[in-house]
Each structure stands twice: as structure tokens, then as C-alpha cells.
Amino acid sequence: MKTLKNILKTEVIYDEKKENKYVVKKEWDKNKRKALILMKNAGQTDEIVQDQTTMYVINNLAKLDYGSVIIMNLFPSIEGENTNESATENLKCVQEEMTKVNDVIIAVGTGIETNKEAQKRLHMIVAILLDKKATILQIECPKGRRGFHPLYPAVKNGWKLVPYEIPIVEQAD
């Protein structure tokens, strides 16, 4: 008989009123590679509770031999409106946290294509990542399509990470 034990260390960074969740860190093996995953909206995960998205993120990254993840979002608001102040703080957090990881995974999903504000925030973050020469990846499905959110049925149980391709976006005046 063999007994295995592990501790899943969790840290969450909120604003003072807990209206915005900026960073969720999960670590299960500090000696392995680290990833930052960027999604669209802050979910229900906290320092105790895990939502489905966080569960699939951890499961898939563990299968890919990562030992920790930093989860961040384009929009950190848990309650109420996203503000310029929360967006600015979120960008500061991205700049700080990206220095602590090996890879950054963009997993905002395909729905972002119709959301101009989400596109704008993503482009700002990607520009920062490119400037800092970060390794930027995305999730590819078995059929070769890219840019999925971790809950997308074709990828939720097994990820293939590929280099991120910056989408060509028409500029609106």
C-alpha cells in the first residue's frame, strides 16, 4: 500500500472591499514550471472554494508537468462595474506576476471577438507581454482551432499548448 500526500497552496489578492479579484495563485509543486493563465472574467474561486474553471486549469496544467498557476482576468470585477481604477490595478498585477512564471497562457475564449473593451484590454496586456519577451501560449483543440477557454468541451480534459497568434483586429475610429 502506498499513501501519497500533497498540499495545494492558495493565495488570492483582492482590493480592500473584495469587489475585485486580481490574482489567484495555486501551487502544488514549487519545483516545477509555473504558468500564468489569463481569462476574461473573475470566477467564483476563492481561497477555499474552487469553481469548474479553476479545477480544469489545475488538472490540465498538472498533466502538462506544471507545478503552479497564477490565474488572472481581463476584468477583475466580482461585483459591480469594472472601473478605470480596477483596470489600472489589474495591469500592474499582470506586470508583476508575469515575471514569476515560465509561460503565459491566453485563454479568454472565442466570445471576445464581439467585445471591444475585452479586445482592448487583451491587446494592452499582450503588448506588455511581448515587450517583456514573455512566452505566450494558447490552447488548441484536436481539430487545430485555437484560442479556447478552459471550459470549452473539446479541450477541458486535455490541453495542447501552442504559441499564441495575435489576432488581426480591424481598428474602429
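The structure presented is a predicted model; accordingly, all values stated were derived computationally and were not measured.
Among residues at least two apart or in separate chains, there is no salt bridge (Lys or Arg N to Asp or Glu O under 4.0 Å) pair with a member in residues 49-63. Pairs passing the ring pair (Phe, Tyr, Trp, His ring centres under 6.0 Å) check and including a residue from residues 3-39, sequence neighbours excluded, do not occur. Counting only residues at least two apart or in different chains, salt bridge (Lys or Arg N to Asp or Glu O under 4.0 Å) contacts with residues 7-24 comprise E11-K25. Pairs of residues two or more places apart, or lying in two chains, never qualify as salt bridge (Lys or Arg N to Asp or Glu O under 4.0 Å) while including a residue from residues 83-94.
Residue-environment remark: CD (E81) stays at or below the threshold of 12 foreign heavy atoms within 6.0 Å. Atom CG of N6 sits in a crowded spot, with more than 12 heavy atoms from other residues, nucleotides or ligands closer than 6.0 Å. Annotation: E117, atom CD; neighbour count of heavy atoms from other residues, nucleotides and ligands within 6.0 Å is above 12.
To the nearest 0.5 angstrom, D46 atom CG is 9.5 Å from T54 atom OG1. Of the inter-residue distances, the one linking L38 atom CG with L122 atom CG reads 6.5 Å to the nearest 0.5 angstrom.
A single hydrophobic cluster is not seen to contain both M55 and I58; linkage of ILVMFWY side chains at heavy-atom distances under 4.5 Å, directly or through other members, places them apart. Grouping the Ile, Leu, Val, Met, Phe, Trp and Tyr side chains by contacts below 4.5 angstrom, directly or via other members, places I136 with V108. In the hydrophobic cluster analysis, where Ile, Leu, Val, Met, Phe, Trp and Tyr join through side-chain heavy atoms closer than 4.5 angstrom, Y56 is grouped apart from L8. Taken together through direct or relayed side-chain contacts under 4.5 Å among Ile, Leu, Val, Met, Phe, Trp and Tyr, I13 and M98 form part of one hydrophobic cluster.
Hydrophobic cluster membership of M1, counting Ile, Leu, Val, Met, Phe, Trp and Tyr whose side-chain heavy atoms lie under 4.5 Å apart directly or via other members: none, as it forms a cluster of its own.
Counting heavy atoms from C-beta on, the side chains of L161 and I105 come closer than 4.5 Å. A heavy-atom distance below 4.5 Å is not found between the side chains of I139 and K156. With contacts defined as side-chain heavy-atom distances shorter than 4.5 Å, the pair N115/E113 does not qualify. Looking at heavy atoms from C-beta onward, V49 lies out of side-chain contact with T45 at the 4.5 angstrom threshold. Using a 4.5 Å cut-off on side-chain heavy atoms (C-beta onward), V23 and V12 make no contact. Using a 4.5 Å heavy-atom cutoff, the side chains of L91 and I125 are in contact. With contacts defined as side-chain heavy-atom distances shorter than 4.5 Å, the pair T135/V104 does not qualify. L61 places a side-chain heavy atom less than 4.5 Å from the side chain of W159.
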Compile the donor-acceptor pairs under 3.5 Å between side chains in residues 66-75 and protein atoms, sequence neighbours left out, one pair per line.
| unit_1 | atom_1 | unit_2 | atom_2 | d |
| --- | --- | --- | --- | --- |
| Y66 | OH | R33 | NH2 | 2.9 |
| Y66 | OH | D103 | OD2 | 2.5 |

List, one per line, each side-chain donor-acceptor pair under 3.5 Å for residues 143-153, sequence neighbours excluded.
| unit_1 | atom_1 | unit_2 | atom_2 | d |
| --- | --- | --- | --- | --- |
| R146 | NE | E140 | OE2 | 2.8 |
| R146 | NH1 | E165 | OE2 | 2.8 |
| R146 | NH2 | E140 | OE2 | 3.1 |
| H149 | ND1 | L151 | N | 3.0 |

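For the salt bridge (charged side-chain N to carboxylate O under 4.0 Å, His left out) test, no residue two or more places apart in sequence or in another chain qualifies with K132. Taking the salt bridge (charged side-chain N to carboxylate O under 4.0 Å, His left out) definition, one finds that D131 meets it with nothing, sequence neighbours left out. In this structure, the side chain to side chain donor-acceptor pair (under 3.5 Å) partners of T10, at least two apart in sequence or on a different chain, are K26. Residues meeting the side chain to side chain donor-acceptor pair (under 3.5 Å) test with T83, sequence neighbours left out: S86. For D65, the side chain to side chain donor-acceptor pair (under 3.5 Å) criterion is met by K32, not counting sequence neighbours.
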Open item on the list: Does N60 form a side chain to side chain contact (heavy atoms under 4.5 Å, CB included) with N157? I'd like the steps, not just the answer.
Closed with: CA-CA 7 Å; N60 281 294; N157 291 312; 5.6 Å; no

- [ ] Take K160 and V155, measure what side chain to side chain contact (heavy atoms under 4.5 Å, CB included) needs, and give me the verdict at the end.
- [x] CA-CA 8 Å; K160 178 180 178 187; V155 300; over 6 Å; no

TODO: Apply side chain to side chain contact (heavy atoms under 4.5 Å, CB included) to the pair V162 and L137, showing each step before the final yes or no.
DONE: CA-CA 5 Å; V162 296; L137 305 170; over 6 Å; no

Open item on the list: Determine whether I106 and I37 satisfy the following criterion, side chain to side chain contact (heavy atoms under 4.5 Å, CB included), listing intermediate values before the conclusion.
Closed with: CA-CA 6 Å; I106 305 292; I37 186 162; over 6 Å; no

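Distance alone, capped at 3.5 Å, is enough to place a donor-acceptor pair between the T88 side chain and the N84 backbone. Q119 places a side-chain N or O within donor-acceptor distance of the main-chain N or O of I112, the cut-off being under 3.5 Å. At least one donor-acceptor pair closer than 3.5 Å links the side chain of N102 to the backbone N or O of K34.
Smallest separation of non-hydrogen atoms from A42 and S77: CB-O, 4.0 Å.
Electrostatic pairing of E27 and K30 does not count as a salt bridge here, judged by no charged N lying under 4.0 Å from a carboxylate O.
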